[in-house]
Amino acid sequence: MPELPEVEVTRLGISPHLMGQTLSAVNVIDGRLRWPVPNLLEKILPGQKVRSIERRGKYLLLEMDTGYLLLHLGMTGTLRVLPSGDPLKVHDRVTFDFGKISLRLHDPRKFGAVLWHPKSKGPIEHQVLLQKLGVEPFSEEFSGDLGAEVLYRHSRGRSISVKQFLLAGQAVVGVGNIYCSESLFLAAIHPAKAAGKLTKPQCARLAHAVRFILQKAIDTGGSSLKDFVNSEGDPGHFMVQSKAYDRKDLPCKECKTPIKKIVQGQRSTYFCPQCQKR
DNA sequence: AGCTCAACCTGGCTGC
DNA sequence: TGCAGCCAGGTTGAGC
């Protein structure tokens, strides 16, 4: 999926089209996503305006008049703004019509989600799925030395690998499998090192690397992700050249040592055994 | 509480 | 060419 940068690029892409617009119709084509898409959306949403479009971790939050739409893209989801008459494609799951334009969730693997949080249930921060999330990588709380402190504090006593620790998003959100390998490479930390044994300097390098890698991916408007298309339907520009991810047996760009691939928590990790020490 | 792992689902690629 | 097997961006929930 889309990791945080792809979700943010999607947010930036759809916002100018949708802000302040009134929903005219919702069509749940196939609501069997991660969780069933609530049927009531088709009834209660028409007539409601888009008040704001925010992001929390990899969730997009569309504030409507009476509640929030939570959208998650899962592994293969994309959101696009199209003319409302545009023919549906295979794997289009939900459409949100705003008069002449339509927001479409396309998601082949159906790991995405469309949920509803009514304002009567309190602020969106109370939504269970958002409560477990770590801090935002670009927030004040994670800026400068604070980022290092967040990583250090959360990792104390943890025996899992730093790769899995970072991916879990309990400390800082948004780092998916690809950018996790990239961040650890940049920070020169071995992915199998126990999180609890990270030193303060390592936490500082990692916090910086996470911010740097995610920001660079956002700036280049997309990503290195294979199937990613932004809200206009354009693929990412592949401007972010990966230094580790998917480079098994290829020479490290720093030291020429062959990149290694290992499996951690059922996910592939790529790293340079020479540059990344425990 | 923390850790591991199966599960959700579809398509694309590899290798026989 | 056909087909079986494996792999893929995420995240929850069960079981220990």
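Chain identifiers are assigned alphabetically (A, B, ...) following the order of the sequence lines, protein sequences preceding nucleic acid strands; residue numbering begins at 1 within each chain. When reading the values below, keep in mind they use all heavy atoms of this one structure, side chains included, and skip hydrogens, waters and symmetry mates.
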Polar-atom pairs under 3.5 Å, protein N or O versus N or O of nucleotides 9-11 of chain B: list them with distances, or write none.
{"residue": "B/dC9", "atom": "O4'", "partner": "A/Arg109", "partner atom": "O", "Å": "3.3"}
{"residue": "B/dC9", "atom": "O2", "partner": "A/Arg109", "partner atom": "NE", "Å": "2.9"}
{"residue": "B/dT10", "atom": "OP1", "partner": "A/Lys110", "partner atom": "NZ", "Å": "3.4"}
{"residue": "B/dT10", "atom": "O3'", "partner": "A/His91", "partner atom": "NE2", "Å": "3.2"}
{"residue": "B/dG11", "atom": "OP1", "partner": "A/His91", "partner atom": "NE2", "Å": "2.8"}

N/O contacts under 3.5 Å, protein versus nucleotides 3-7 of chain B?
{"residue": "B/dC3", "atom": "OP1", "partner": "A/Ser159", "partner atom": "N", "Å": "2.7"}
{"residue": "B/dC3", "atom": "OP1", "partner": "A/Ser159", "partner atom": "OG", "Å": "3.0"}
{"residue": "B/dC3", "atom": "OP1", "partner": "A/Ile160", "partner atom": "N", "Å": "3.3"}
{"residue": "B/dC3", "atom": "OP2", "partner": "A/Arg158", "partner atom": "NE", "Å": "2.8"}
{"residue": "B/dC3", "atom": "OP2", "partner": "A/Arg158", "partner atom": "NH2", "Å": "2.5"}
{"residue": "B/dA6", "atom": "N7", "partner": "A/Gln266", "partner atom": "OE1", "Å": "3.2"}
{"residue": "B/dA6", "atom": "N7", "partner": "A/Gln266", "partner atom": "NE2", "Å": "2.7"}
{"residue": "B/dA6", "atom": "N6", "partner": "A/Gln266", "partner atom": "OE1", "Å": "3.4"}

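Judged by distance alone, the side chain of A/Glu3 and the main-chain N or O of A/Tyr179 form a donor-acceptor pair under 3.5 Å. With hydrogens and angles disregarded, no donor-acceptor distance shorter than 3.5 Å links the side chain of A/Gln21 to the backbone of A/Leu18. No donor-acceptor pair under 3.5 Å is formed between the side chain of A/Glu54 and the backbone N or O of A/Leu61.
For the pair A/Tyr245 OH and C/dC7 P, the interatomic distance rounds to 12 Å; values are reported in whole Å. Rounded to a whole Å, the CG atom of A/Leu167 is 8 Å from the C1' atom of C/dG10. The CG atom of A/Asp246 sits 11 Å away from the C1' atom of C/dC7 (whole-angstrom rounding). Rounded to an integer number of Å, the gap from A/Phe165 CZ to B/dG2 C1' is 13 Å. Computed from coordinates, the A/Gln264 CD to C/dC7 P distance equals 16 Å when rounded to whole Å. C/dG10 atom P lies 16 Å from atom CG of A/Leu129, rounded to whole Å. The nearest whole Å value for the distance from the CD atom in A/Gln131 to the P atom in C/dT11 is 17 Å. Here C/dT12 presents its C1' atom at 11 Å from NE2 of A/His72, a figure rounded to the nearest Å.
Once rounded to the nearest 0.5 Å, the distance linking CZ of A/Arg11 with CG of A/Leu62 reads 10.5 Å.
Evaluation of the salt bridge (charged side-chain N to carboxylate O under 4.0 Å, His left out) rule for A/Arg211 yields no partner, not counting sequence neighbours. In this view, A/Ser161 and A/Gln164, A/Gln264 satisfy the side chain to side chain donor-acceptor pair (under 3.5 Å) rule, not counting sequence neighbours.
Screening residues 117-139 of chain A for salt bridge (charged side-chain N to carboxylate O under 4.0 Å, His left out), with sequence neighbours left out, gives A/Arg55-A/Glu136, A/Arg56-A/Glu136, A/Glu63-A/Lys119.
The side-chain heavy atoms of A/Leu45 and A/Leu69, taken from C-beta on, include a pair separated by under 4.5 Å. Side-chain atoms of A/Glu254 and A/Gln274, non-hydrogen and from C-beta on, never get closer than 4.5 Å to each other.
Taking all atoms of both residues into account, the shortest heavy-atom contact from A/Pro46 to A/Leu41 is CD-O, 3.8 Å.
Applying the side-chain hydrogen bond (donor to acceptor under 3.5 Å, both in side chains) test between A/His106 and each of A/Asp92, A/Thr76, A/Thr78 identifies A/Asp92 as the sole match.
As judged by a 4.0 angstrom heavy-atom cut-off over every strand, A/Leu33 is placed among residues making no nucleic acid contact.
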Per-nucleotide pairing state of DNA chain B [Watson-Crick or G-U, under 3.5 Å; [ ] pseudoknot-crossing; | other strand]: .|||||||.|||||||
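Taking side-chain N and O atoms only, A/Ser268 has a distance below 4.0 Å to OP1 or OP2 of C/dA8.
Atom name P, nucleotides B/dC9 and C/dC3: the rounded distance is 24 Å, in whole Å.
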